[in-house]
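Worksheet: the structure to be examined is printed underneath.
The sequence lines fix the lettering, A, B, ..., with proteins before strands; numbering per chain opens at 1.
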2 protein chains.
Amino acid sequence: MIRVVLADDEDLIRGALAALLELEPDISVVAQASDGAAAVVAVGVHQPDIAVLDLEMPKVDGIAAAAEIGAGTAVVIVTRHARPGVLRRALAAGVRGFVPKTTPAARLAAILRDVHAGARYVDSEIAASALTEDACPLTARELEVLRHTRAGGSVLDIATAVHLAHGTVRNYLSSAMTKLDVTSRHDAARLAWEEGWI
Amino acid sequence: MIRVVLADDEDLIRGALAALLELEPDISVVAQASDGAAAVVAVGVHQPDIAVLDLEMPKVDGIAAAAEIGAGTAVVIVTRHARPGVLRRALAAGVRGFVPKTTPAARLAAILRDVHAGARYVDSEIAASALTEDACPLTARELEVLRHTRAGGSVLDIATAVHLAHGTVRNYLSSAMTKLDVTSRHDAARLAWEEGWI
DNA sequence: TCCCCGGCGTGACAAATGTCAGGACTACCA
DNA sequence: TGGTAGTCCTGACATTTGTCACGCCGGGGA
């Protein structure tokens, strides 16, 4: 019997996934959680074989929760937002499975069985993208100002934080925007985040 | 037996919801669709009692699909994005049920039975918000320029589209931003959209 | 050695953006 | 009738933002 802890902030989805998994004779959902912090606690209490975590959760997201969960429990991340960079972050956090929500529901149980048997599972589509897709085209400085941009500050705020002239900051932002083919630094910062570069 | 067509663009979620509903002895999922257009077609073919549609779908969103579905099939909208304004739009499109994804999974079947029996279902939390929450604070002109802003055009584009001076457009945007307590027109447009005002 | 290339850094410039004060018009109330 | 409130509309102004041309420096080739 594979014991599973399931975490997703949307009750309806979480309950539906639980129903799906409970259909399998060899899988049992022993606890559910509605955010990352509760998931970590639940894993500590129940010591399940596998923790299935939604990536997008309040308080602590799935990857952060995965980093806090010890090696005794394999973590499988489920996400609607599957980008190569996110996959890299997830793998770096020790995640054993990475399942986009575009995966057919019928396959989830098989994935959990494979992971329980010691295998890793990574969606082949995303893995291929992660390998073929050219690496991040941005320089270290450009990434740095984009990181600060995502925090919401104005150009002047960023300039003081990075100890640069505001003109320089604008230049990096402009360069990044050109490379990413967008027209505002907010778009650039969002895109870089979605790609997992910052 | 309640015959249901289920539409959601995420295979995993759609499959899980199907599993959840199939657990009920009196509910049967007769077809599934992964976008709004396909959902409309599936409803035409299968003539189900109820169509359960995710709001966020490519091509045709759930509300647009609901508007195209005739009175023979009751439409229940499921959404992660439950705001009073969205609820209003949904009801205006003739939707019979409005279920946020925060609803406990165990309640979904009961809701479908109620709807099938002729009742309407609206999440009480959102309904209360829709009644208590002050109405949209923006004027017609402000909403109009925000609509155009969301399309992505610059201030000048909007001005020509609305036949106004660019200064006037900026003024409306500024006024809207003040009322909504944000610092950029894009934020204002996004917020207004999320509230269902545009 | 010289030269070129790429990243780093800066300031000047132009365009876009947001804010302000105020005029014109209508609706409503005293 | 006058006054008041609200919306519509405009132009002037300051700030923010994005683009450009340029200089500096270190690492390879020719």
Side-chain angles (χ1 to χ4, degrees), chain A residues 84-85 88 132-198, chain B residues 84-85 88 132-198:
Chain A
R88 285 202 186 88
T132 64
E133 216 161 86
D134 6 49
C136 166
L138 305 174
T139 71
R141 283 303 210 189
E142 288 164 357
L143 290 173
E144 188 174 11
V145 295
L146 283 182
R147 248 187 300 275
H148 283 86
T149 294
R150 231 181 78 82
S154 73
V155 175
L156 205 57
D157 299 335
I158 302 173
T160 57
V162 194
H163 301 297
L164 285 178
H166 54 287
T168 308
V169 172
R170 282 202 300 273
N171 204 345
Y172 286 138
L173 290 172
S174 178
S175 166
M177 290 185 304
T178 305
K179 288 176 181 175
L180 300 181
D181 194 26
V182 296
T183 54
S184 89
R185 66 186 175 297
H186 294 102
D187 285 343
R190 188 163 37 74
L191 186 57
W193 171 256
E194 287 175 0
E195 294 288 347
W197 294 332
I198 58 178
Chain B
R88 286 202 186 86
T132 64
E133 216 161 85
D134 6 50
C136 168
L138 305 174
T139 71
R141 283 302 210 189
E142 289 164 356
L143 291 173
E144 188 173 9
V145 295
L146 285 181
R147 247 187 301 274
H148 284 85
T149 295
R150 230 180 79 83
S154 74
V155 175
L156 205 58
D157 298 337
I158 302 172
T160 57
V162 194
H163 301 298
L164 285 178
H166 54 287
T168 307
V169 172
R170 281 202 302 273
N171 205 346
Y172 286 138
L173 289 172
S174 177
S175 166
M177 290 185 307
T178 304
K179 289 177 181 175
L180 300 181
D181 193 29
V182 295
T183 54
S184 86
R185 68 190 175 298
H186 294 103
D187 285 342
R190 189 164 34 75
L191 186 58
W193 171 255
E194 287 175 0
E195 294 288 346
W197 294 333
I198 58 178

If the condition is side chain to side chain contact (heavy atoms under 4.5 Å, CB included), which residues does A/A192 pass it with, not counting sequence neighbours?
A/L146, A/W197, A/I198
Quick check: on DNA chain C, is the nucleotide nearest A/K179 upstream (toward 5') of the one nearest A/H166, or the reverse? Name the residue that is more 5'.
A/K179
Regarding B/L173, tell me which of base, sugar-phosphate or nothing describes its non-hydrogen contacts under 4.0 Å with the strands shown.
nothing
Kindly say if B/R170 contacts the phosphate of C/dT19, meaning a side-chain N or O under 4.0 Å from OP1 or OP2.
no
So where does chain A start and stop touching DNA chain D, 5' to 3', when the test is distance under 4.0 Å to a non-hydrogen atom?
D/dT17 to D/dA21
Hits for side chain to side chain donor-acceptor pair (under 3.5 Å) against B/R190, two or more places apart or cross-chain, chain-then-number order -> B/D187
Hits for side chain to side chain contact (heavy atoms under 4.5 Å, CB included) against B/H186, two or more places apart or cross-chain, chain-then-number order -> B/T149, B/S184
Sorted by chain and number, sequence neighbours left out, side chain to side chain contact (heavy atoms under 4.5 Å, CB included) with A/S154 holds for A/L156, A/D157
Output the rounded distance in Å from CZ (B/R141) to C1' (C/dT26).
15 Å
Listing request: all side-chain hydrogen bond (donor to acceptor under 3.5 Å, both in side chains) pairs with a residue in residues 163-172 of chain B, at least two apart in sequence or in separate chains.
none
Which is true for B/S184 with a 4.0 Å heavy-atom rule: it touches a base, it touches only sugar-phosphate, or it touches nothing?
sugar-phosphate
Tell me: CG of A/L138 to C1' of C/dC8, nearest whole Å?
15 Å
Side chain of A/T139, heavy atoms from C-beta onward: which of C/dT17, C/dG7, C/dG9 has the nearest atom to it?
C/dG7
Please list, pair by pair, any protein nitrogen or oxygen found under 3.5 Å from a nitrogen or oxygen in nucleotides 20-25 of chain C.
unit_1 : atom_1 : unit_2 : atom_2 : d
C/dA21 : N6     : B/N171 : ND2    : 3.3

Residue set satisfying side chain to side chain donor-acceptor pair (under 3.5 Å) with B/R147, at least two apart, ordered chain then number -> none
Here the gap from A/R185 atom CZ to A/H148 atom NE2, rounded to the nearest 0.5 Å, amounts to 14.0 Å
Can you pull the salt bridge (charged side-chain N to carboxylate O under 4.0 Å, His left out) pairs that have at least one residue in residues 173-182 of chain A, sequence neighbours excluded?
A/E142-A/K179
